[in-house]
Amino acid sequence: LARQFPYFDLIIGGHSSQLIDTIVNNIPIFQAGSYLEYLGKIELTVKNKEVAGLNYELIDLNTYPDFDTELQADIDEYNNNMADVLNEVIGLSQVYHEKYQLGCFYTDALRERLEVDVTFQNYGGIRSDLDEGNITVREIYEIDPFNNGTIIFNMSVSEIKYFLMGTQSWFCYSGIQIEQIGNDVQISDLYGNIIPGNTILSIGINDYIPAVYDSYFPTNGDIQSFTTAEAIMFYLKNINNEVNYPDCDRYFKYQWKTKANIDSVFILQAADRDFSINRIERSLTISNKSNVKPIIILNKIDLVHDDNLQK
């Protein structure tokens, strides 16, 4: 980012969980690791809308001696009050599950609770593994700590395929079988029967996914009254309290495969109300990664008012 866009005064990272204290292209870049082990403190001196001075300190919270006694008392009281709730046993894990194995449990639980045909879960949203033995409420919140809501969409199989192909992200899933064949995606039912593209399926997911990939989802989703963590706990308490997925392999990431004799790709985009700059950008990213020349074609321009067409 600093190499390509040299106009930033400062870049603060976070998602890769690294310790970073460096300068790239005259831009300071800082990141304070993970798990609250460190606190990054940045002091900026700004004069005439420009950074005149900068000081960065990385504070090790494992050895930092000072704390607010009143705040610590509130934290201790909260932890004591919540101990019985968080330590409640609500299920049993038959084996130790790594995060990738929990994708099957997570999506199965969500599908049963939402009573839908299919569920997806972004792989990065599963944040912890699960030990063998009793499952507590605390462990569910460690696996799913985001307080994400739940939402149901009705989508055609073709729209689901477009979502998977366009996002090119890792997803765990339940209720269908997914296979990439060449550059196409084949979706089948649990018995191996290919589902036609015009078939409408009910899709249950967390509300993070359609917020990030909004152009792939309808605008009229059915918002539920409970979070994904609450859905999983309901499943354990009321539907199936045992978790046993040693052979889980239900995760999918679409990968564009370029044929040797392809040097150009056509990107077709309607210019009417379905127009999406983000969709075009994603298609351009795919073509650039594949070293093919993108050619953008806009159709349905006759349905757009002249003022909007200029925009």
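With a 6.0 Å radius and a threshold of 12 heavy atoms from other residues, nucleotides or ligands, Tyr208 has its OH atom at or below the threshold. More than 12 heavy-atom neighbours from other residues, nucleotides or ligands sit within 6.0 angstrom of CG on Asp66. Atom NZ of Lys253 is surrounded by more than 12 heavy atoms from other residues, nucleotides or ligands within 6.0 Å. Surrounding CD of Glu70 are at most 12 heavy atoms belonging to other residues, nucleotides or ligands under 6.0 Å away. Within a 6.0 Å sphere centred on CD1 of Ile223, other residues, nucleotides and ligands contribute 12 heavy atoms or fewer. In this structure, Glu57 places its CD atom where more than 12 heavy-atom neighbours from other residues, nucleotides or ligands lie under 6.0 Å away. Heavy atoms from other residues, nucleotides or ligands lying under 6.0 Å from CG of Leu71 number more than 12. Remark: Asn193 CG is packed, more than 12 non-hydrogen atoms of other residues, nucleotides or ligands lying under 6.0 Å away.
Here the two rings, on Tyr162 and Tyr216, have centers that are under 6.0 Å apart.
Taking the six-membered ring where tryptophan is involved, the planes of Tyr251 and Tyr123 are tilted, since the angle between them lies from 30° to 60°. Under the 30°/60° scheme for interplanar angles, the aromatic rings of Phe171 and Phe120 are found to stand perpendicular. Ring-plane geometry between Phe5 and Phe8 is classed as perpendicular, the angle between the planes exceeding 60 degrees on a 0 to 90 degree scale with a lower cut at 30.
For the atom pair CD (Glu88) and CD1 (Ile135), the distance works out to 12.5 Å, reported to the nearest 0.5 Å. Put simply, CZ on Phe226 and CD on Gln224 are 5.0 Å apart, with the number rounded to the nearest 0.5 Å. The structure places CD1 of Ile20 at 9.0 Å from OH of Tyr56, a figure rounded to the nearest 0.5 Å.
Salt-bridge annotation for Asp108 and Arg250: present, with a side-chain N of the basic residue lying under 4.0 Å from a carboxylate O of the acidic one.
For the pair Met165 and Val185, the tightest heavy-atom approach, listed with the atom from each and the gap, is CG-CG2, 3.5 Å. Nearest approach of Leu19 to Gly33, heavy atoms of both residues: CD2-N, 3.6 Å.
Judged by distance alone, the side chain of Glu50 and the main-chain N or O of Lys47 form no donor-acceptor pair under 3.5 Å.
With sequence neighbours excluded, no residue satisfies ring-ring contact (aromatic ring centres under 6.0 Å, His included) with Tyr141. Under the disulfide (SG to SG under 2.5 Å) criterion, Cys104 pairs with Cys248, not counting sequence neighbours.
For the pair Asn241/Tyr235, no side-chain contact is recorded, criterion being any heavy-atom separation below 4.5 Å from C-beta on.
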